[in-house]
Number of protein chains: 2
Amino acid sequence: MPDATEGSATRREELLAIAAGLFAEKGFKNTTVRDIADASGILSGSLYHHFDSKESMVDEILRTFQEELFGQYDAILASDAGPLDQLEQAVVVSFEAIDKHRDEVAIFQNEAAHLLTFERFGYLAERNEQSRDVWLTLLRNGIEAGVLRDDLDVELTYRFIRDTVWVAVSWYRPGGRRTHTEIARQYLSILLEGIHCA
Amino acid sequence: MPDATEGSATRREELLAIAAGLFAEKGFKNTTVRDIADASGILSGSLYHHFDSKESMVDEILRTFQEELFGQYDAILASDAGPLDQLEQAVVVSFEAIDKHRDEVAIFQNEAAHLLTFERFGYLAERNEQSRDVWLTLLRNGIEAGVLRDDLDVELTYRFIRDTVWVAVSWYRPGGRRTHTEIARQYLSILLEGIHCA
DNA sequence: GTCTATATCAGGATAGAC
DNA sequence: GTCTATCCTGATATAGAC
């Protein structure tokens, strides 16, 4: 009785995970349907029993991931933690996502700009907007509460945070010298206090 | 008398600029030789009078750009400015590159990882290594001189700087609300002093 | 659910005329 | 230096047997 809610992944999820790994590693366009089939131990034609197209695969991969991630951001915003705590939690959650869903983050990072040009992936633009809202809210709350500098361009600051957090996916490797929590902590230290001597 | 040293670009340079724009916008793999030819007002076959292959084009684009950029880094390191000044200059020069060579930076950012897997583009790995040396040297000099915090992981700090600087190419638009110098200044302010209240 | 076989098409590249 | 014409390969996707 295959069931998506079970611990063991369904065949569909297995195939998606394999595809995600390839998309992340070689890029969407550079990964052929045959690559995915090979890695799955079946032939390319068989993949079409499970999915409409290569696009459907990347679509499902990104949708699932973003639903989870934005659920976490919402929970943080809805919590009664202070503005600084919320900002820190958002950073931690993001690095956690890089650790737990590396492929998905990488795909989003590397392919979103291109996929965005197709109507089918319009929801990615909405997610971008939503992410911007989250970070801007966190920053503005911090400034209002007097814990963050009020002389910085909020829009620029948001971009720097967003970029630095997500781009870490390009070099972070789970099981490496530093855990994602350590990285998040160091990152927050730089972001909050700067690298200059006090 | 067409001459590369003249103010007016040679046909070759014109074509490379057009190709660079497309590579940056749509990605290397997603840009067809016919796309480049169309944008240049000629037919695809004619391009092969000027270049061996699509790969040769991106190769020449990246080589030329990197030669210039690393020349600037070398000049900064060789100067007798203080460690903090040198670090600031390196950041400024990088944002300048984003302004003046947006396409080239974007191509390097988006395609290097993939191109790197081909022997032909092995020099990109060397350039990465060289870039790492530059930033690590700047950071270590700063720490040694006592102007930078010594409690940070230098390797992580380097990555954060590198990533945040270059990823700006994905959103920076020349002629926008902020000049590249303003952006560099704000960025340095965050990097050096942090966003937390003093 | 997977395989065999194949239709269909797009893209990189070439040869030779103009 | 550009065009015409075309080759060749590799990629997505389909249809139907097992």
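Letters A, B, ... are given to chains in the order of the sequence lines, protein chains preceding strands, and every chain is numbered from 1.
Hydrophobic cluster membership is shared by B:Val169 and B:Phe70, with clusters built from Ile, Leu, Val, Met, Phe, Trp and Tyr side chains linked at under 4.5 angstrom.
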Expected list for residues 114-125 of chain B: side-chain donor-acceptor pairs under 3.5 angstrom, two or more places apart:
unit_1	atom_1	unit_2	atom_2	d
B:Thr117	OG1	B:His114	O	2.7
B:Arg120	NE	B:Asp59	OD2	2.9
B:Arg120	NH2	B:Ser56	OG	3.3
B:Arg120	NH2	B:Asp59	OD2	3.2
B:Tyr123	OH	B:Asp59	O	3.3
B:Tyr123	OH	B:Asp59	OD1	2.7

Do any side-chain atoms of residues 155-163 of chain B form donor-acceptor pairs under 3.5 angstrom with protein atoms, and if so which ones, sequence neighbours left out?
unit_1	atom_1	unit_2	atom_2	d
B:Glu155	OE1	B:Arg132	NH2	2.9
B:Glu155	OE2	B:Arg132	NE	3.1
B:Thr157	OG1	B:Asp153	O	2.8
B:Tyr158	OH	B:Arg162	NH1	3.2
B:Asp163	OD2	A:Trp171	NE1	2.9

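Straight-line distance from the CD1 atom of A:Ile36 to the C1' atom of C:dG1: 17 Å, rounded to whole Å.
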Checking A:His101 against A:Glu96 for the side chain to side chain donor-acceptor pair (under 3.5 Å) test, could you report, in this order, the C-alpha distance in whole Å, the side-chain angles of both residues, the deciding distance, and whether it holds?
CA-CA 8 Å; A:His101 302 287; A:Glu96 218 172 76; over 6 Å; no
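Between B:Leu152 and B:Leu139 there is no side-chain heavy-atom pair separated by less than 4.5 Å.
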Letter per nucleotide, 5' to 3', of nucleotides 2-18 of chain D [B base touched, S only sugar-phosphate touched, - untouched; heavy atoms, 4.0 Å]:
BBB------BBBB----
